[in-house]
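Throughout, protein chains are lettered first and strands after them, A, B, ... in sequence-line order, and every chain is numbered starting at 1.
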Number of protein chains: 2
Amino acid sequence: MSMIATTSADSGSADGGEVLSLHQRILSDISERILSGAWAPGHRIPFEHELTAEYNCSRMTVNKALSQLAKAGLIERRRRSGSFVRRPQSQAAVLEIHDIRIEVEALGLPYRYERMARSRRRSSADDRALLELDVAGPVLALECLHFAGKRPFAHEQRLINLAAVPEAAEEAFFETAPGPWLIGRVPWSAAEHRIRAVAAEKHIAAALDIETGAPCLVIERRTWSAEHPVTHVRFTYAAENHTLVARFTPSQG
Amino acid sequence: MSMIATTSADSGSADGGEVLSLHQRILSDISERILSGAWAPGHRIPFEHELTAEYNCSRMTVNKALSQLAKAGLIERRRRSGSFVRRPQSQAAVLEIHDIRIEVEALGLPYRYERMARSRRRSSADDRALLELDVAGPVLALECLHFAGKRPFAHEQRLINLAAVPEAAEEAFFETAPGPWLIGRVPWSAAEHRIRAVAAEKHIAAALDIETGAPCLVIERRTWSAEHPVTHVRFTYAAENHTLVARFTPSQG
DNA sequence: CCTTTTGATATGTATATACATAATCGTCAC
DNA sequence: GTGACGATTATGTATATACATATCAAAAGG
């Protein structure tokens with residue numbers, strides 16, 4: 001039990017570049033092996049005391065990592081027997097990134113787009129929160145309406161990170177909606193959707209021609225390109241207009 | 001010091017019935033206060049050393065609870081400043097929406113299930129439309145509530161096609177929610193989700209303890225097994241409780 | 001007045017230790 | 001054989017302690 005401490009001489013440097021704490025490193029080492037299939041479902045992963053020896057750390061540290069893996073559902077822990085890789089029982093859910101024009105036309109209605117407001121500004125704290133941007137920089141804020149026939153169909157509030165897409169500063173977005181414009185220019189590597197129900201606030205209710213407080217479906221999307229935040233957009237649909245449909249088939253694992 | 005008593009008098013007995021460890025209890029106490037609105041977004045929750053005193057335990061125990069709350073996204077921790085309530089955004093990845101228990105427990109709250117109504121009947125035209133069933137036959141209709149802590153979290157209305165799952169007729173569904181029960185019995189080959197916003201109708205608003213007309217997120221799912229309709233379920237979530245999150249990134253630990 | 005330094009503070013991580021609890025194994029008596 | 005029972009084992013939870021680190025505020029210096 002010399003203990004020297006540190007142990008951590010290097011902490012997973014070469015790989016991700018991130019600085020990981022020890023229990024995080026143990027956690028990611030193990031989940032890597034599980035997700036890669038090296039440790040198949042049913043496989044017994046090393047006991048806590050074995051990992052303690054392997055990483056030269058205390059059992060508490062190993063325990064923290066394994067507890068989190070168990071909570072995440074990757075492993076199952078059984079007293080006296082050990083910890084076992086669980087069969088992944090999640091279905092891959094794929095929600096398509098949708099273009100509103102296509103949605104509207106699928107309904108058989110004529111599509112029309114209208115740009116309401118556009119402003120270029122230095123990012124506020126709110127802007128940075130929405131974009132998950134950590135440094136200040138210029139952004140482009142847009143507000144648009146999408147029509148199905150004569151009726152407003154969706155309201156769009158968008159932020160574009162001009163550091164990532166400088167060309168956007170030259171574009172008025174009178175003719176082309178920002179969504180299709182961006183798709184044609186910026187390859188996105190990751191996106192996150194948030195879907196929720198809200199009561200329409202006054203400004204948006206007026207734009208959508210519905211009553212203030214009426215239920216609306218809000219879809220927010222954040223898009224990244226190679227680790228850089230590109231855009232954040234919030235679509236608000238009047239409730240009666242919109243249903244998201246997603247079809248899943250089980251993939252099992 | 002001393003302090004015993006207060007909060008700790010009962011350990012969540014009457015409520016969830018579960019026996020909670022101390023850090024779980026701290027965690028659920030706090031998240032309850034956040035979700036109930038007692039501690040609004042931005043509010044600074046007590047420092048670790050204050051909670052240490054309140055619960056008469058070590059800082060590690062408090063730290064474990066707060067770390068989990070931070071990971072679940074309910075609070076934000078800032079060194080030197082303290083821990084602050086974040087805007088509630090309970091996240092359920094789309095891949096997990098089928099099991100409400102897991103969602104609730106991910107928030108650190110005790111889960112409870114309650115069956116409200118159950119009736120067996122010959123399928124009405126409405127029933128057949130919901131199930132996409134073309135011939136008449138017996139169905140089981142269920143109405144249930146799912147609780148997170150003491151508050152209702154989701155309302156469930158379900159139809160089960162008894163022609164596809166005859167064993168369901170024997171089950172009271174007092175203990176087991178129909179979702180988990182079906183998953184264990186019927187292999188499903190396809191599912192379709194519909195997600196939309198609605199205004200809460202009187203009956204459901206009363207069950208969820210919200211105001212009639214308040215915006216709610218509704219998720220409907222239809223499930224097939226080998227071409228046969230199995231079940232249709234409609235979950236209604238109070239808006240402030242629920243955000244669906246779908247993320248597309250290379251998965252990591 | 002503005003910048004820099006210093007100190008206080010709250011969280012972040014890790015250790016060694018202790019005891020509790022659940023499950024399994026081996027032994028011994030019947 | 002087999003049933004009872006204690007020993008063993010791995011995990012579950014909690015404690016006291018230690019040091020690292022980020023950050024803010026006040027003191028010190030130009």
Distance, rounded to the nearest Å, where [X] contributes [atom1] and [N] contributes [atom2]:
X	N	atom1	atom2	answer
Q24(B)	dG12(D)	CD	C1'	10 Å
E76(B)	dG12(C)	CD	C1'	15 Å
N63(A)	dA10(D)	CG	P	14 Å
F47(B)	dT11(C)	CZ	C1'	11 Å
R25(B)	dA14(D)	CZ	P	10 Å
R59(B)	dT9(C)	CZ	C1'	11 Å
K64(B)	dT11(C)	NZ	P	18 Å
N56(B)	dA14(D)	CG	P	13 Å

(request) Indicate whether the side chain of Q157(A) and that of H203(A) have a donor and an acceptor atom separated by less than 3.5 Å. (result)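 The criterion, which ignores hydrogens and geometry beyond distance, is not satisfied for H203(A) and Q157(A).
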
(request) Say whether E132(A) and H232(A), considering side chains only, have a donor N or O and an acceptor N or O under 3.5 Å apart. (result) no

[X] side-chain proximity, nearest of [options]:
X	options	value
S58(A)	dG12(C), dA16(C), dA14(D)	dA16(C)
S21(B)	dA10(C), dT13(C), dA14(D)	dA14(D)
R80(A)	dT24(C), dA25(D), dT13(C)	dT24(C)

(message) Ring of Y111(B), cation from R101(B) - is the NZ or CZ under 6.0 Å from the centre and inside 45° of the axis?
(response) no

(request) Take M60(A) and S81(A), find for each the nucleotide of DNA chain C with the closest heavy atom, and name the residue whose nucleotide sits nearer the 5' end. (result)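 Mapping each residue to its closest nucleotide by heavy atoms, the 5'-most match is M60(A).
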
(request) Output yes when at least one side-chain N/O atom of R77(A) is less than 4.0 Å from OP1 or OP2 of dG12(D), else no. (result)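 Affirmative; the distance criterion is met.
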
(message) I want to check one thing: is the phosphate of dT15(D), taken as OP1 and OP2, less than 4.0 Å away from some side-chain N or O of T61(B)?
(response)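 Checking dT15(D) against T61(B), a side-chain N or O does come within under 4.0 Å of OP1 or OP2.
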
(request) Examine the base of dT21(D) for any acceptor or donor lying under 3.5 Å from a partner atom in the side chain of R79(B), and report the outcome as yes or no. (result) yes

(message) Between the base of dT23(D) and the side chain of R78(B), is there a donor and acceptor pair under 3.5 angstrom?
(response) no

(request) Quick one: label S67(B) by what it contacts on the DNA or RNA (base, sugar-phosphate, nothing), any heavy atom closer than 4.0 Å. (result) nothing

(request) Give one of base, sugar-phosphate or nothing for L66(B), where a contact means two heavy atoms less than 4.0 Å apart. (result)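 Since no nucleic acid heavy atom lies under 4.0 Å of L66(B), the category is nothing.
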
(request) Answer yes or no: is there an ion pair linking E76(B) with R86(B), defined by an N-O contact shorter than 4.0 Å? (result)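 No.
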
(request) Determine whether more than 12 heavy atoms belonging to other residues, nucleotides or ligands lie under 6.0 Å from atom CD of E167(A). (result) yes

